[in-house]
Amino acid sequence: MVRSVAKYDWNNLEKEYILGDYKSVSAFLKEKNIPNNGSTKKSTKGWKEKKVLKENQKSTKTIEKVIEKQAEQEAKKIVNIKDTAEQLLDKINLSILELDRYFSRNTKKSKVVEYDYKVGKPSKETIEEHEEIQEFNSIIDRSGLKQLTSALKDLNEILEDKEKGNADSSFAKELEEAWRLRNDK
């Protein structure tokens, strides 16, 4: 028994073929038990091209979504680096004010032993510890200053790499301004 070509819903079959994982129109027709004759070929004309177009659109959308995700991840990294840079700049500004401050810690220990003469050995031993911390100003710690500026330069280079040459040198400018204000005192 051969089915008549007019009995098929060609619009739905076309959608099923285009959206399905069929390798060819003839493989699709064979799976659906539809005879592959002249009338069928006329009804399925252009299906292969539409499937290729759909696959190309799918590939394009996939690539766009991957690029979008990568761009989001890169943007998050840049924001994190900038946040870290801002935190570092705050620490550097605090450190600049303390480059000429030093602390001295003196610890004094004293040991008191009570001796029990009846037993012939010590009965109680007490250790007292006294710590004194002094703060004083002196010349600026140049190695500390060098470390701070080196960290700032490294961070600026990272930002330049991330922004491909559009680095904002405001960190260096702020450091220079803070240093100038400190020296003007």
Side-chain angles (χ1 to χ4, degrees), residues 1-99 141 143-182:
M1 177 174 147
V2 176
R3 294 185 196 172
S4 170
V5 176
K7 291 185 177 183
Y8 299 109
D9 184 353
W10 292 108
N11 288 332
N12 282 336
L13 288 170
E14 179 184 17
K15 288 177 190 173
E16 187 177 343
Y17 167 73
I18 291 172
L19 297 175
D21 290 331
Y22 302 100
K23 296 197 185 236
S24 67
V25 175
S26 58
F28 172 73
L29 293 172
K30 186 175 182 180
E31 186 176 303
K32 297 293 181 180
N33 294 322
I34 299 173
N36 196 357
N37 55 34
S39 181
T40 303
K41 287 184 181 182
K42 184 178 178 185
S43 297
T44 61
K45 185 177 181 182
W47 286 15
K48 184 177 179 181
E49 291 79 13
K50 288 180 182 179
K51 186 168 184 81
V52 168
L53 180 63
K54 183 214 61 142
E55 290 299 322
N56 287 340
Q57 289 173 338
K58 181 179 170 184
S59 294
T60 301
K61 286 206 182 257
T62 301
I63 291 169
E64 287 173 359
K65 288 198 180 239
V66 167
I67 290 171
E68 186 177 313
K69 288 285 185 188
Q70 289 173 337
E72 285 177 19
Q73 290 173 346
E74 192 66 24
K76 284 180 183 179
K77 284 180 186 177
I78 290 172
V79 167
N80 286 338
I81 289 171
K82 285 192 172 205
D83 289 346
T84 302
E86 286 296 324
Q87 291 171 3
L88 179 61
L89 182 60
D90 291 343
K91 296 293 182 188
I92 288 172
N93 284 331
L94 289 174
S95 298
I96 286 173
L97 300 174
E98 297 177 356
L99 283 174
D141 178 11
S143 66
L145 178 62
K146 189 174 182 178
Q147 289 172 347
L148 290 174
T149 54
S150 176
L152 189 59
K153 285 179 184 178
D154 291 346
L155 194 55
N156 232 354
E157 286 176 13
I158 291 170
L159 287 173
E160 284 177 4
D161 289 345
K162 289 293 180 192
E163 295 179 353
K164 296 185 178 38
N166 298 326
D168 180 14
S169 62
S170 64
F171 301 118
K173 289 177 185 175
E174 264 189 69
L175 179 62
E176 289 173 13
E177 179 66 18
W179 181 251
R180 188 184 58 73
L181 291 173
R182 174 76 174 145

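Remember, it's a predicted structure, so these values are computed and weren't measured experimentally.
The distance from the CD atom of Gln73 to the NZ atom of Lys77 is 7.0 Å, given to the nearest 0.5 Å. Here the OG1 atom belonging to Thr44 is positioned 7.0 Å from the CG atom belonging to Asn36, to the nearest 0.5 angstrom.
For Ser150 (side chain) and Lys146 (main-chain N/O), no donor-acceptor pair under 3.5 Å exists by modelled atom type.
In this structure, Glu31 has no salt bridge (charged side-chain N to carboxylate O under 4.0 Å, His left out) partners at least two apart in sequence or on a different chain. Checked against ring-ring contact (aromatic ring centres under 6.0 Å, His included), Tyr17 has the following partners two or more places apart in sequence or in another chain: Phe28, Trp47. Residues that satisfy the side chain to side chain contact (heavy atoms under 4.5 Å, CB included) test with Asp21, not counting sequence neighbours, are absent from this structure. Applying the side chain to side chain donor-acceptor pair (under 3.5 Å) test to Thr84 and every residue at least two apart in sequence or in another chain returns nothing.
Among residues at least two apart or in separate chains, side chain to side chain donor-acceptor pair (under 3.5 Å) pairs with a member in residues 49-67 are Glu14-Lys50.
Trp10 and Ile34 make their closest contact through CH2-CG2, 4.0 Å (heavy atoms, listed as atom of the first residue, atom of the second, distance). Summarising the geometry of Thr40 relative to Pro35, their closest heavy-atom pair is OG1-O, 2.7 Å, with the distance given to 0.1 Å.
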Query raised in the report: When you look at Glu72 and Glu68, which way does the side-chain contact (heavy atoms from CB on, under 4.5 Å) test go after all the steps?
Result: CA-CA 6 Å; Glu72 285 177 19; Glu68 186 177 313; 3.7 Å; yes
